[in-house]
Number of protein chains: 2
Amino acid sequence: MINRIAGRSRDPPDATPSLRCKGGPKLSKSLKKDVRNPQKARVSILDAAERAFAELGYGGASIRGIARDADVNQAMIHYYFQNKDQLFDEVIDRRAGAVNAQRNDALDRLFAEGVPTLEELMEALLRPTIEMGHDESRGGSAFARLVVSFSNSADERSRNMAIEHYDPIARRSIAAMRQVLPELDMAAAVRAYLFSISVALSVMARTGRAARLSGGLCNDSDTEETVSTTVAFSCAGIRALAKQAVNQFDENVE
Amino acid sequence: MINRIAGRSRDPPDATPSLRCKGGPKLSKSLKKDVRNPQKARVSILDAAERAFAELGYGGASIRGIARDADVNQAMIHYYFQNKDQLFDEVIDRRAGAVNAQRNDALDRLFAEGVPTLEELMEALLRPTIEMGHDESRGGSAFARLVVSFSNSADERSRNMAIEHYDPIARRSIAAMRQVLPELDMAAAVRAYLFSISVALSVMARTGRAARLSGGLCNDSDTEETVSTTVAFSCAGIRALAKQAVNQFDENVE
DNA sequence: GCATTTATCAAACGTTTGATTAATAGGATC
DNA sequence: GATCCTATTAATCAAACGTTTGATAAATGC
């Protein structure tokens, strides 16, 4: 009933995408931008996409706008990344791996010398995240906002992002918390971890609300103060949940 | 379900050039949906828009999709609301007022009988929010997710939402916290408030992650347990920030 | 020196978007 | 029974959307 004919193939692109794509720049003479620099185009696309997804959401970001911002031709995005979905995945991949590697390394180092304090543990977990969010020069702050806005969403894309990139380190962290604080039961540990991450994410978002509400007294940008405040808040909260669990146990026993 | 009869919008064009150029309702067969009910159309549009904005973001939600979900004609949305932006505002307006009224009332009642404990204060602030997020039947959970995904964003729409609907109660809450805990300085109080709200929002989002990570032990849906856990975590964290401020003062004095 | 591969481009494709319009039906009022 | 008002409709629009295409300049391999 609908004219689905016409010569457009809806087939998914080949696993080897480059064979059918040919072409070259029209402008050969002077005043071309530094062409022949694949690295740079790819990276600037990823940077622009990161900003766009963070500021506009997945649906609000457009391939055209990303291309314009990255100063590349629109088709380049489909040349380096099959489609919008894949582009989003690679934006996440690029940063999440680095931060989680830092967190894993920090955990390795900590537990190599015995069982650390709760404060040491939480700082090892939260510092890499917060520091990336404060790294304005290398573009981490855009990614931070991106993670924040997706981490509390319930759609499938967000769920997959969490499962693939953040659940593994979460499981390890939760186990570590219970090692440091044995009276923390599983349910409480999971909640404590998610609460702590949520606090860290809220400072990463840098919405400017803290400065607005405090009349400029709060400084979103002071990394060290942010880390120490976040760690202090989280550790106290976690100990409270551990104590709550013990109290409930006592009540049941009596 | 509903008869989307006749008038398919993408029908092949008539062979005979019809005289009528633009719209108008077609044949008035029997079994039309309950026409002449302005209230119902308006409300179902708001409900559908709430769900759409929550699940897809502002950019990802479409007027057509909202109309389909609300089972109204697409043009009805522009009849009741000027445009997409205005529709979003009214979605926020509808719920934010109710929750903040509850929180203000709770504060009034608390301080009428002197200065409350920190636990009483935080429960008064967090319970209405959490309860709305758990009110699946009245659609509050969709709004909860909507607020969560926008509260950590830095775009202009989110900032305006915060300034208009959430900054007033935030200012009052922060002042109340400092009344209850005088050693809490302004900057620490602002941070403590934002941290606590962030924790409450994370449980409102109900992403299912807690259940996944805990192997089903954590139950996102138990309102009372969620409230008591959230309050316990927040209060301990707030007291830690108050103590941190005092310690810093001591260090400076020495 | 020729063939292949890679990187880039402009232009188009069909679809979907937010928005508008003219037509009309139902009820109320006169 | 004509008139008016409000609610609702199908049709239509221009713009923007993600994606595909064919061409081609530059780099690389043999």
Side-chain angles (χ1 to χ4, degrees), chain A residues 2-14 16-29 32-42 45 49 56 58-68 70-88, chain B residues 3-11 13-14 18-30 32-42 45 49 52 56 58-68 70-88:
Chain A
I2 307 274
N3 45 341
R4 191 57 331 116
I5 29 168
R8 281 172 61 83
S9 70
R10 279 286 171 193
D11 296 349
D14 247 3
T16 55
S18 52
L19 277 182
R20 73 186 187 334
C21 287
K22 294 183 181 174
K26 285 281 159 71
L27 272 166
S28 51
K29 279 293 168 116
K32 53 191 170 189
K33 73 177 98 167
D34 53 352
V35 90
R36 311 288 118 195
N37 194 341
Q39 223 81 324
K40 197 197 164 199
R42 232 193 95 98
I45 289 171
L56 305 165
Y58 183 85
S62 82
I63 298 280
R64 282 173 160 81
I66 292 169
R68 201 180 315 122
D71 195 31
V72 303
N73 187 279
Q74 196 191 144
M76 292 297 292
I77 295 183
H78 293 282
Y79 176 72
Y80 285 110
F81 315 92
Q82 287 98 302
N83 50 39
K84 194 180 179 182
D85 238 74
Q86 174 80 21
L87 172 60
F88 179 81
Chain B
N3 45 340
R4 264 283 85 89
I5 36 159
R8 299 194 76 95
S9 51
R10 277 292 167 194
D11 279 353
D14 257 352
S18 84
L19 287 179
R20 41 188 309 163
C21 43
K22 280 204 172 181
K26 277 284 171 68
L27 288 151
S28 67
K29 282 275 187 89
S30 58
K32 49 196 165 190
K33 73 173 105 167
D34 51 354
V35 89
R36 312 286 123 192
N37 195 340
Q39 219 81 327
K40 197 196 164 198
R42 234 193 93 98
I45 289 171
L56 305 165
Y58 183 85
S62 82
I63 298 280
R64 279 174 162 82
I66 293 170
R68 200 181 315 122
D71 196 31
V72 303
N73 188 282
Q74 190 195 150
M76 293 296 292
I77 295 183
H78 291 99
Y79 178 73
Y80 285 111
F81 315 92
Q82 287 99 300
N83 50 37
K84 192 181 179 183
D85 236 76
Q86 174 80 21
L87 172 61
F88 179 81

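These numbers were taken from a predicted model, which means no experiment stands behind them. All values below come from the heavy atoms of this structure, side chains included, with hydrogens, waters and symmetry mates left out.
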Where is the tightest heavy-atom contact between [X] and [Y], given as atom of each residue plus distance?
X       : Y       : value
A:Lys84 : A:Tyr58 : NZ-O, 2.9 Å
B:Ala49 : B:Ile66 : N-CG2, 3.8 Å
B:Ser62 : B:Gly65 : OG-N, 2.9 Å
B:Gln82 : B:Gln86 : OE1-CG, 3.5 Å
B:Ile63 : B:Ile77 : O-CD1, 3.5 Å

Relative to the 5' end of DNA chain D, which residue comes earlier, A:Ala75 or A:Tyr58, by the nucleotide with the nearest heavy atom?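 So the residue in question is A:Tyr58.
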Quick one: which of C:dA19, D:dG18, D:dT8 gets closest to the side chain of B:Met76?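 Comparing C:dA19, D:dG18, D:dT8 against the side chain of B:Met76, the answer is D:dT8.
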By nearest atom, which of the nucleotides C:dT6, D:dA10, D:dT20 is closest to the A:Tyr79 side chain?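 Of the options given, the side chain of A:Tyr79 lies nearest C:dT6.
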Grab the [atom1]-[atom2] distance between [X] and [N] for me, whole Å please.
X       : N      : atom1 : atom2 : value
B:Asp71 : D:dA7  : CG    : P     : 18 Å
B:Arg42 : D:dA7  : CZ    : P     : 11 Å
A:Asn73 : D:dA25 : CG    : C1'   : 14 Å
A:Asp85 : D:dG18 : CG    : C1'   : 12 Å
B:Ile45 : D:dA7  : CD1   : P     : 12 Å
B:Leu56 : C:dT17 : CG    : C1'   : 14 Å
B:Lys40 : D:dT6  : NZ    : P     : 22 Å
B:Ile77 : C:dG18 : CD1   : P     : 9 Å

Please write out the pairs of protein N or O atoms and N or O atoms of nucleotides 14-17 of chain D separated by less than 3.5 Å, giving the distance to one decimal.
{"from": "D:dC17", "atom 1": "OP1", "to": "A:Ser62", "atom 2": "OG", "distance (Å)": "3.4"}
{"from": "D:dC17", "atom 1": "N4", "to": "A:Arg64", "atom 2": "NH2", "distance (Å)": "3.3"}

When you check the phosphate oxygens OP1 and OP2 of D:dT8, does a side-chain N or O of B:Tyr80 lie under 4.0 Å from one of them?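 Answer is yes, contact under 4.0 Å.
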Would you say B:His78 reaches C:dT20's phosphate, i.e. side-chain N/O to OP1/OP2 under 4.0 Å?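 Answer is no, no contact under 4.0 Å.
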What's the separation between atom CD1 in B:Ile45 and atom NE2 in B:His78, rounded to the nearest 0.5 Å?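 Output value for this atom pair is 10.5 Å.
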